[in-house]
Structures are given as C-alpha cells and as structure tokens.
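A quick note: this is a predicted structure, and the numbers were derived from the prediction, not measured. In what follows, every heavy atom counts, from backbone to side chain, and hydrogens, waters and symmetry copies are set aside. We name chains A, B, ... by the order of the sequence lines, and we start the count at 1 in each one.
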2 protein chains.
Amino acid sequence: MPAADPRQHAYARFVVAHALITERIEAALAAADLPSLDWYDVLWVLESAPEGRLRMADIARRAVFSRSNVTRLADRLQKAGLVARADCPQDGRGTMCVITARGRALRARMWAVYRKQIDGLFGAHLSVREAEALSSSLQRMISSLRQDEKETA
Amino acid sequence: MPAADPRQHAYARFVVAHALITERIEAALAAADLPSLDWYDVLWVLESAPEGRLRMADIARRAVFSRSNVTRLADRLQKAGLVARADCPQDGRGTMCVITARGRALRARMWAVYRKQIDGLFGAHLSVREAEALSSSLQRMISSLRQDEKETA
DNA sequence: ATAATTTAGTTGCAATTGCAATCATGACGG
DNA sequence: CCGTCATGATTGCAATTGCAACTAAATTAT
C-alpha cells in the first residue's frame, strides 16, 4: 500500500489490525475448545433476531457471508444441534433457521471468551471517546455500503 | 455481539465494515480481471522490502498469513512469473522470494483499482483528522499485538 | 390461466486453507 | 566433534470456500 495519503495509511492499518486481532480471537476460541468465529456470527445474528429465527438470505446479509456459505454453515450447526431449519410460512421457497437452546448456551460461552479478547486486543487501546468517534465513522461506511447494495439489486 | 460497551460496539462495526469493504474490493479486482487481494499483499510486502526480496517467514509475518499459505501463494505467483525463489545466503534453510518486473507491473495495475476502492469505500467517510486519529489508535493495537507475538516466541 | 423471469436455497466441482507431519539445516551443550 | 533440539520451508490430507449450475416457488406480463 503506497500510502502517501493519511486515509490510505489508516486503511492499511485497519486491514492489518483486523487480521491480527481475528487470528488471536480464533486462537483463543480454539484453545477453549470452542467453534470458530463464523459459527459465532451465525448464532449471534439469529439470537438477536425476534424469536431467534431468520431466513437464510438474511443471515447472509447480516453476517456478510455468501449464500452458499450460509447453507453449509447451517448444515454444520444443525448437525451440532445448535440451530434447526423450518419452512418459511410466507414464502414456499424460503427456509427459516432457528437457534436452539443449545445454540444459545454455546453462544454465551463463546461470548465470554470473545469479549475478553475484544476488550484486551481492541478495546484496551481506545478511549470511550475514540471508540464513539470510530463507531460513527464506521457506521457511515457501513450505511453507504449497504445502500449501494440495495441500489445494485 | 451483545454490545453494551461502546468499545465492543465499535468492534462490531469494525468487523462488518472490514467484511463489506473487502468483499467490494475483491469484486472490483475480479471485474478488472486482476488477481485477488492476497496476491496483492505478497507483491506489496516484497516490493516495499529492500531489493524486492524477503524470506518466506517475513512475508508471512508482514502480510499476516500462515507459513504454509505463503508457500502455496508463492507457488502460484511463481507459476505466474510474478516472483522468483532464491536460496538464502545467510541461512541454508531459508528461501528468499523476489518480486520480478512483471510482478511490479501487475502490482501497480492492481493498485490503481485497489486505491480507487479504498478512497471510495473507506477514505470518503473520513476526514484527514479522523484518519490520523484512527491510524494512531490502530497503530497502538498493532504494536501491542506484534509485541505479544515476540514474547510468545 | 400460462409462459417467461426473478428469487431462495442448495449442490457439484475445483481451488484454497489449516493443521499436523516431514525434511533439511542451523544452534547448542557436553 | 556428536547428539539433541529448534527453526524454515514444504507437503499430505481433510475441511472449507467460491462460483456456476440447478431445482423449486413466486412474480410479472401477456
């Protein structure tokens, strides 16, 4: 990244920090005999949805995964008893994915480890003020990216 | 991410923004018939090293890839004529990876596309002041993470 | 109603990845 | 000097991914 520009410079660090932090979190989860982050993401988007259920495509959008990836992830989570599939009442093509009690329990256990890592690796280096500023910048990016998505579709 | 804490909240957005931006950049590169970001990363760390050469493990550290991943990436880059391998003079076990002229040329073409995406998706939402603040926060995280690495080793 | 188009989800296949060996070389202690 | 241990890079194998094809159901237009 031939970063003359301070924004490009920030981006380069953004990418590296993300990679390093993710690597560490995965290691911490593995060390605690817990599944990886993508499982967590699916469980979390489900748990935060009303009744713990979402359609496959919604999981994909919220967790930023490809559709086919969500299908496969759901297969594995289902095999592990963490989610169940159900027909979608409004749309015969759709499939709902529902988090189970075991799924909720596992997510909570993962969060204990995950949170500790976030706090130690990321949060510890930000003041509350910085965190808020960062949040709002990131929110601008995210809204803009999601907006584009809709327009393209 | 049950984000009560503003830092955890920032982290959640950090991850989502990263995923969305990366997805878009990969799409832009593919649309321009260019290779993916991991090729770029290897080419860039090489190009920014003295004489365009680094040992495999150094590539791995700087680009945040696993060792075996670098081996395979180098295989593909080599097959494409973008890098060459050479023995390491100081250490008989080591392998140097050297970027070729074609490698430099390709990286430059990729950077044209990459830069445009960074500016549009990331930079456009940050003032210079914000970018600088973000850079310094991220730098703190990165230094701390890299420091830990050394201590663990 | 019916044919054509779009959308949701899944699947086949090829390519990529991660982890645990493996092989070769260097470093160290006796 | 020799045996043991650590390190650099690669490779085998199983698991995961991405893309394009596919099936089924809904939407639209005729």
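Between the side chain of B:Arg85 and the base of D:dG8, no donor-acceptor pair under 3.5 Å is found. For C:dG18, its base sits under 3.5 Å from the side chain of B:Arg72 at one donor and acceptor pair at least.
One can place CD1 of B:Ile59 at 9 Å from P of D:dA9, the figure rounded to the nearest angstrom. The distance from atom CG of A:Leu54 to atom P of C:dG9 is 11 Å, rounded to the nearest whole Å. Whole-Å rounding puts the B:Met56 CE to C:dT25 P distance at 17 Å. Atom CG of B:Leu37 and atom P of C:dT16 are 15 Å apart (whole Å). Nucleotide D:dT17 holds its P atom 12 Å from the CG atom of A:Asp75, rounded to whole Å. Note: CG (B:Leu73) to P (D:dT11) measures 14 Å, nearest angstrom. Remark: C1' of D:dT16 and CG of A:Leu77 are 14 Å apart, rounded to the nearest angstrom. Note: NZ (A:Lys79) to C1' (D:dA15) measures 12 Å, nearest angstrom.
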Restricting to nitrogen or oxygen on both sides, can you table the protein-nucleotides 22-28 of chain D pairs closer than 3.5 Å?
{"unit_1": "D:dA26", "atom_1": "OP1", "unit_2": "A:Gly92", "atom_2": "N", "d": "2.7"}

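Residue A:Arg67 places none of its side-chain N or O atoms closer than 4.0 Å to OP1 or OP2 of D:dA20. For B:Thr71 and D:dA9, the shortest distance from a side-chain N or O to OP1 or OP2 is not below 4.0 Å. Phosphate contact (OP1/OP2 of C:dG9, side-chain N/O of A:Arg55, threshold under 4.0 Å): present. OP1 and OP2 of D:dT16 both lie 4.0 Å or more from every side-chain N or O belonging to A:Asn69.
The aromatic rings of B:Trp111 and B:Tyr114 lie perpendicular to each other, with more than 60° between the two planes, well past the 30° mark. Ring geometry, A:Phe14 versus B:Phe122: the interplanar angle falls from 30° to 60°, so the pair is classed tilted.
Nucleic acid contact for B:Asp38: sugar-phosphate only, since backbone atoms but no base atoms lie under 4.0 Å from a heavy atom of the residue.
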- prompt: Taking it one step at a time, do A:Leu82 and A:Trp39 satisfy side chain to side chain contact (heavy atoms under 4.5 Å, CB included)?
  reply: CA-CA 10 Å; A:Leu82 304 171; A:Trp39 284 37; 3.5 Å; yes
- prompt: What's the verdict on side chain to side chain contact (heavy atoms under 4.5 Å, CB included) for B:Ser36 and B:Glu26, showing C-alpha distance, side-chain angles and the deciding distance?
  reply: CA-CA 6 Å; B:Ser36 60; B:Glu26 292 286 13; 3.2 Å; yes
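Each of C:dG9, D:dT17, D:dA9 was ranked by its minimum atom distance to the side chain of A:Thr95; first place goes to C:dG9.
Checked against B:Leu73 for a side-chain contact (heavy atoms from CB on, under 4.5 Å), the options B:Asp41, B:Asp38, B:Val83 give a single hit: B:Asp38.
Side-chain polar atoms of A:Gln78 and A:Arg85 form a donor-acceptor pair below 3.5 angstrom. A:Arg13 and B:Gln139 form a side-chain donor-acceptor contact under 3.5 Å, judged by distance and modelled atom types alone.
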